[in-house]
Colleague: 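I'd like to ask some things about the structure below.
Each ligand, and each atom within it, is numbered from 1 in the order the structure gives.
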Amino acid sequence: MTRVFDDDLARGFGTRAIHAGQRPDMMSGAIMPPVYLTSTYVQEGLGKHKGYEYARTQNPTREALERNVAALEGARHGLAFSSGVACVDALMKLFKSGDHIICGENVYGGTYRLFDKVYRNFGIEYTFVDARDPQLIADACTPRTKAIVVETPTNPVMRLTDLKAAAQVAHKAGALLIVDNTFATPFFQHPFEHGADIVFHSTTKYLNGHSDMVGGIALLNDDDLATRLAFIQNTAGAVPGPMDCWLALRGTKTLHLRMPRHDANGRAIAAWLAKRLGHERVIYPGLESHPQHKLAKCQMTGFGGMIAVETGSQQNADAVLRRVRIFSLAESLGGVESLISHPASMTHASVPPATRAKFGLTDGLVRLSCGVEEQDDLLGDLEHAFAIL
Ligand SMILES: *Cc1c(COP(=O)(O)O)cnc(C)c1O
């Protein structure tokens, strides 16, 4: 189990991003943590070793990443996984048959699928609620409720959950508040300060930021819970490879440089789209027309680069997707390059159409992940693409 170096928590965000969890290599002085490509570690004698026995259980490159992201979230413990959904999967193994979990209805499609198609078969009961309203979360609580899982802002319709209110509901029910902080990142949102018990990320997205690996990470403060999750990490074994950990760690070093640019591009593009298409067709928490803009302003310190746009029909969406030249048609988000996607047929295809309709995830909706390219070039690209509307 990886615990942060205590002095790392004291420093400013940008300093933590670059240094936290890492010390120059003892043998060579290498400033970058080596990629420990090894499956095992030689032991001096029976029971005599350097704290490393087998690479599923411990890997120094993975530990550097775990300490680094934990320090960014202001948590004591970090546990990395082979993907974001592998991380959610490990979190579900903290629970057992008969337990009840409340989940925001508009979470990442893969999270929904894991709960609905896999864990329901193991006897965990799920209630999906509109997590924008803390009262609806409270109403769904039962004596068996063990956790409340929320994502804020959500993917792709950018709904927010009031984290402080959700934490109060969870703790009153004796449940854990688990927060997917993938979209906002610790640069813009600090769920632990609002009372979250576990924060997790798909490191695939903004934390890595360069679209060259897949991974997940959970951060926690409670020592017992961290010990249980470390047991699951080792026992179920969905650990990330050291090269992927190293890539994610290289990414987090520039998180504080990238996020303001994603945010600036996101704001400019959302404003342009709103002017061009009408405010009602553009969903971005930074727009004053967003129904939860006030909450976004007090819960987040920036709005990021994710925007959803209603084009009106699948044909319109298809036409826009065909016309972009800098934005690339692809799943995923949070990389330096701008991406555009069609959630109904891509990331959220496994969500039943009736459920998609309920939260406005229409066939005409396209999602933009604004990268860190030059703003004028991105605006020009969209001007050309949206000319057909
Ligand atoms: C991508 C994503 C996940 C899943 O992560 P993977 O690394 O793709 O397994 C979970 N939550 C959110 C918000 C995501 O965007």
Colleague: Taking CD in E280 as the centre, count heavy atoms belonging to other residues, nucleotides or ligands within less than 6.0 Å. Is the count above 12?
Modeller: yes
Colleague: Within ligand 1, which atoms have a heavy atom of L333 less than 4.0 Å away?
Modeller: 15 (O)
Colleague: For K205, counting its heavy atoms only, list the atoms of ligand 1 lying under 4.0 Å from any of them.
Modeller: 1 (C), 2 (C), 3 (C), 14 (C), 15 (O)
Colleague: Are there over 12 heavy-atom neighbours, none belonging to R113, within less than 6.0 Å of that residue's CZ?
Modeller: no
Colleague: Just to verify, which of C370, S369, P153 counts as forming a side-chain contact (heavy atoms from CB on, under 4.5 Å) with M306?
Modeller: S369
Colleague: Give the residue, atom name and distance (to 0.1 Å) of the protein heavy atom nearest atom 8 (O) of ligand 1.
Modeller: Y108 OH, 3.8 Å
Colleague: Which word best sums up how the rings of Y52 and Y41 line up, parallel for under 30°, tilted for 30 to 60°, or perpendicular for over 60°?
Modeller: tilted
Colleague: Enumerate the atoms of ligand 1 whose separation from the nearest heavy atom of S83 is less than 4.0 angstrom.
Modeller: 7 (O), 9 (O)
Colleague: Are K253 and F13 in a cation-pi setup, meaning NZ or CZ lies under 6.0 angstrom from the ring centre and within 45 degrees of the ring axis?
Modeller: no
Colleague: For ligand 1, which atoms have a heavy atom of T204 less than 4.0 angstrom away?
Modeller: 7 (O)
Colleague: Does either side chain, that of Q233 or that of E66, offer a donor lying less than 3.5 Å from an acceptor on the other one?
Modeller: yes
Colleague: Nearest heavy atom to atom 13 (C) of ligand 1 wins, so pick from D180, N155, T152.
Modeller: D180
Colleague: Output the list of atoms in ligand 1 that are nearer than 4.0 Å to some heavy atom of G215, sorted by atom number.
Modeller: 7 (O)
Colleague: Nearest to atom 6 (P) of ligand 1, what protein heavy atom do you find, and at what distance?
Modeller: G84 N, 3.3 Å
Colleague: Run the salt-bridge test on R23 and D7 with the 4.0 Å N-O cut-off and return the result as yes or no.
Modeller: yes
Colleague: Near V85, which atoms of ligand 1 are under 4.0 Å from a heavy atom of that residue?
Modeller: 4 (C), 5 (O), 6 (P), 9 (O)
